[in-house]
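Note that the coordinates shown come from a computational prediction; the quantities given were computed from them, not determined experimentally. Values reported hereafter were calculated over all heavy atoms of this structure, with side chains retained and with hydrogens, waters and symmetry mates removed.
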Amino acid sequence: MASDIPAELLQLTYRADLDLLVGRWTHEPDTSLLPGAYQHLAREALASNCRYWLQDIRRRVVNDPPTTRWLLADYFPDMARRLGGLRVAYLTSPALLAHVMADPGFKPLKYYADKPYQVHFFGDEGAAVAWLFGL
């Protein structure tokens with residue numbers, strides 16, 4: 001995959017003042033681009049040793065179940081191990097949130113109770129950031 005594809009798809013900003021890695025997805029990607037984009041995210045997170053991620057996916061319209069399974073089974077556990085824990089807040093549109101929650105593989109917050117990583121979905125950025133830091 002070309003190295004410039006993730007930057008076009010995923011704009012990453014590390015907020016040192018909050019120790020927060022913000023990813024803004026610019027459009028709905030072809031699913032073949034998702035692993036590369038997540039590897040780009042991993043590199044940035046490891047470079048800043050940041051385990052708090054806000055992922056703005058409001059411009060995306062569908063959830064890819066195979067990618068979600070890969071994230072939950074492999075990617076998030078690996079990143080949590082490498083970073084000493086991981087919290088990911090996804091900022092979604094109402095339509096995408098309904099789609100995600102309707103998926104039979106959707107994992108509610110209680111699923112993560114014994115995991116080294118947590119993932120939660122929000123429609124409000126302030127609420128997402130507050131959850132990330134336990135406020």
Side-chain angles (χ1 to χ4, degrees):
M1 183 173 84
S3 62
D4 61 339
I5 292 174
E8 293 173 6
L9 171 63
L10 176 61
Q11 299 171 342
L12 291 173
T13 304
Y14 175 63
R15 295 272 317 264
D17 58 325
L18 297 174
D19 192 26
L20 177 66
L21 185 57
V22 179
R24 304 222 186 254
W25 295 78
T26 61
H27 61 278
E28 182 66 43
D30 181 281
T31 57
S32 67
L33 298 177
L34 291 173
Y38 274 102
Q39 291 310 316
H40 177 61
L41 175 58
R43 285 190 300 275
E44 293 297 317
L46 292 168
S48 58
N49 197 38
C50 183
R51 61 188 194 133
Y52 300 100
W53 301 357
L54 174 67
Q55 294 294 294
D56 182 348
I57 59 173
R58 290 177 291 185
R59 292 187 177 153
R60 294 181 51 189
V61 294
V62 296
N63 185 44
D64 180 54
T67 299
T68 299
R69 286 191 294 276
W70 168 73
L71 289 170
L72 294 175
D74 299 317
Y75 182 82
F76 290 145
D78 179 56
M79 292 306 301
R81 180 187 54 76
R82 296 168 81 183
L83 294 168
L86 179 65
R87 288 176 70 98
V88 182
Y90 280 101
L91 183 59
T92 68
S93 66
L96 181 55
L97 181 58
H99 179 76
V100 166
M101 293 180 73
D103 186 286
F106 174 74
K107 306 293 187 212
L109 192 54
K110 65 183 177 182
Y111 167 82
Y112 302 99
D114 64 343
K115 307 275 188 279
Y117 64 96
Q118 294 182 331
V119 178
H120 202 27
F121 294 85
F122 297 87
D124 176 79
E125 190 162 340
V129 172
W131 174 81
L132 281 168
F133 297 108
L135 303 176

Notebook entry, point to check: Out of curiosity, R51 CZ to L132 CG, how far, rounded to the nearest 0.5 Å?
Noted result: 11.0 Å
Next item on the list: Show your working on side chain to side chain contact (heavy atoms under 4.5 Å, CB included) between L41 and L21 and close with a plain yes or no.
Entry: CA-CA 9 Å; L41 175 58; L21 185 57; 3.5 Å; yes
Check: Do the non-hydrogen side-chain atoms of R87 and W131 ever get within less than 4.5 Å of each other?
Finding: yes
Check: Can you check side chain to side chain contact (heavy atoms under 4.5 Å, CB included) on V88 and Q55, steps first, answer last?
Finding: CA-CA 7 Å; V88 182; Q55 294 294 294; 4.1 Å; yes
Next item on the list: Taking the side chain as every heavy atom from C-beta outward, state whether L46 and M79 have any pair of such atoms under 4.5 Å apart.
Entry: yes
Checklist line | Non-hydrogen side-chain atoms of L9 and H40 separated by less than 4.5 Å | finding: no
Check: Should L97 and Y111 be regarded as members of a common hydrophobic cluster, given that ILVMFWY residues are connected when their side-chain heavy atoms come within less than 4.5 Å of each other, either directly or indirectly?
Finding: yes
Check: Taking atom types as modelled, is there a side-chain donor on N63 or T68 under 3.5 Å from an acceptor on the other?
Finding: yes
Check: Heavy-atom distance under 4.5 Å between the side chains of L91 and R58, does that happen here?
Finding: yes
Margin query: Can you tell me how far apart CG (D56) and OG1 (T13) are? Round to the nearest 0.5 Å.
Written below: 11.0 Å
Check: With sequence neighbours left out, what residues match Y75 under ring-ring contact (aromatic ring centres under 6.0 Å, His included)?
Finding: Y38, W70
Next item on the list: Would you kindly confirm whether V129 and L109 end up in one hydrophobic cluster when ILVMFWY residues are joined by side chain heavy atoms under 4.5 Å apart?
Entry: yes
Note to self: Is any side-chain heavy atom of R15 closer than 4.5 Å to one of C50?
What the structure shows: no
Notebook entry, point to check: If you measure from CZ on R43 to CG on L12, what distance do you get to the nearest 0.5 Å?
Noted result: 9.5 Å
Margin query: Do L83 and N49 make a side-chain contact, defined as non-hydrogen atoms from C-beta onward lying under 4.5 Å apart?
Written below: yes
Margin query: A side-chain contact here means heavy atoms from C-beta on lying under 4.5 Å apart; do F121 and F106 qualify?
Written below: yes
Next item on the list: Looking only at non-hydrogen atoms, find the nearest pair between E125 and R24 and report the distance.
Entry: OE2-NH2, 3.0 Å
Margin query: To the nearest 0.5 Å, what is the distance between OG1 on T92 and CE on M101?
Written below: 9.5 Å
Note to self: If you compare all heavy atoms of A127 against all heavy atoms of F122, which two are closest, and at what distance to 0.1 Å?
What the structure shows: O-CE2, 3.7 Å
Notebook entry, point to check: Out of Y14, F133, Y117, which residue meets the ring-ring contact (aromatic ring centres under 6.0 Å, His included) rule with Y52?
Noted result: F133
Check: Considering residues at least two apart in sequence or located in another chain, which fulfil the salt bridge (Lys or Arg N to Asp or Glu O under 4.0 Å) criterion with R69?
Finding: none
Note to self: Would you say that W25 contacts R59 through its side chain, given a criterion of any heavy-atom pair below 4.5 Å between the two side chains?
What the structure shows: no
Next item on the list: Indicate if L96 and V61 have the same hydrophobic cluster label, given that clusters are the connected sets of ILVMFWY residues with side-chain heavy-atom separations under 4.5 angstrom.
Entry: no
